[in-house]
Amino acid sequence: MAKVLGAVTVNQERCKGCDLCVVACPTKVLALQPKEVNNKGYHFAYMQNPEACIGCSSCATVCPDGCIEVYRVIVK
Amino acid sequence: MTIEEIIKPENRVYAKPRLLNDNNMHYCPGCSHGVVHRLIAEIVEEMGIEDKTIGIAPVGCAVFAYNYVDIDWIEAAHGRAPAIATAVKRLNPSRMVFTYQGDGDLAAIGTCETIHAANRGENIVIIFINNGIYGMTGGQMAPTTLEGMKTSTTPYGRRIDLNGYPLNITSLVAQLDGTCYVTRQAVHTPAAVRKTKNAIKQAFQNSMDGKGTSLVEIVSTCSSGWKMTPVQANKWMEENMFAKYPLGDIKNTVKQ
């Protein structure tokens, strides 16, 4: 069966750590950085569990600042 | 397959639209304005009407919309965006003209302009961001504030005997014969965002086709004004705002 592999990149300097992408993710891939902050002082989002990503774009769809890019590969 | 192998330009399925430029938005974290700005940028790009689109910015948080979406904008005085949009559309009928207004701008000071522009059936699109509060000036009560909702000017909650009832202006505008498409949407989940995108696209198409006024209300959050986190604000909106402002199409004369 074909498998869908996804990945996202987060523009760390643009991210404001609002947590909406973390909630929207159906496979619990994303999380906010627990300690690190960006230059604006926000705990930015990152891929905590990258293997689970299916590239569904839910995170990017709800992101208010357009800082998420989504990539998807279908492996047959 | 490693992450580096997946992250390649040919595998990209979603990226920030080209028309949303790189300026950092001044909005608070989790603000619905950002999502709506991105949707407008995406739709204008998809419809290929970048050179034909003129936006009218309001007074309110979205006053700086012209810094973020790379199309032509005019900044209107408080509440007067539909009046300016009327002039722009009448002088340039081939252009797609839309206003982008908050509830303080559209439902309080601009009630007259909104209702009369819609009643004349001007071929414009009104995008109405309703978060039930004056977000920019510090969270004061707006006409759309819910009963019992705490704001900085109603610290014990809005009282009907003192402040009157919440104004459902979208349903009011739907009664007017000049409007062709009136709908209420939200942007709190991926599914809702996709529906909102289709609604705005339909409204823009109506404006291009000269069908009449379209109004798209987007029930939104103001996490700073409501004193909540963005996630809590979305939940509060689902539980409270949607009871007074139910989602869905209110009027659509184009499809019939």
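Lettering follows sequence order; numbering is per chain, from 1. Note that the structure is a prediction, hence the values are computed from the model and not measured.
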- prompt: Are B/P29 and A/Y42 side-chain neighbours, meaning at least one heavy-atom pair lies under 4.5 Å?
  reply: yes

field: Point-to-point distance, once rounded to the nearest 0.5 Å, from CG of A/L5 to OG1 of B/T2
entry: 10.0 Å

field: When B/G30, B/A192, B/S32 are compared by non-hydrogen pairs under 4.5 Å with chain A, the top option
entry: B/G30

- prompt: In terms of heavy-atom pairs under 4.5 Å with chain A, which of B/P190, B/G34, B/C28 leads?
  reply: B/P190

message: Check this for me: does any side-chain nitrogen of one of B/R12 and A/E69 sit under 4.0 Å from a carboxylate oxygen of the other?
response: yes

message: Which one wins on heavy-atom pair count under 4.5 Å against chain B: A/A60, A/S58, A/C67?
response: A/A60

message: Using every non-hydrogen atom in the two residues, find where B/V13 and A/G55 come nearest and quote the distance to one decimal.
response: CG2-O, 4.3 Å

field: Polar side-chain atom of B/R38 near backbone of A/C63 as donor-acceptor pair, under 3.5 Å
entry: yes

Spatial distance of atom CD (B/E10) from atom OH (A/Y71) [nearest 0.5 Å]: 10.0 Å

message: Only heavy atoms, only distances under 4.5 angstrom. Which residues in residues 13-27 of chain A are near chain B?
response: A/E13, A/R14, A/K16, A/C18, A/D19, A/L20, A/V23, A/A24

message: A quick test of your reading: do over 12 heavy atoms of other residues, nucleotides or ligands sit less than 6.0 Å from CZ of B/F64?
response: no

Chain A contact via B/L20 - which portion, at a heavy-atom distance below 4.5 Å: side chain

message: Would you say that B/T189 contacts A/V62 through its side chain, given a criterion of any heavy-atom pair below 4.5 Å between the two side chains?
response: no

- line: Rounded to the nearest 0.5 angstrom, the CG-NE2 distance for A/D65 and B/H37 is 10.5 Å

- prompt: Which answer fits A/I68, side chain, backbone, both or neither, if we ask what part of it has an atom under 4.5 Å from a heavy atom of chain B?
  reply: backbone

field: Residue B/K197 versus chain A: region with a heavy atom under 4.5 Å
entry: neither

- prompt: Does a sphere of radius 6.0 Å around NZ in B/K244 hold more than 12 heavy atoms from other residues, nucleotides or ligands, not counting ones at 6.0 Å or beyond?
  reply: yes

query: Do side-chain atoms of A/R72 reach the backbone of B/Y14 as a donor and acceptor pair under 3.5 angstrom?
result: no

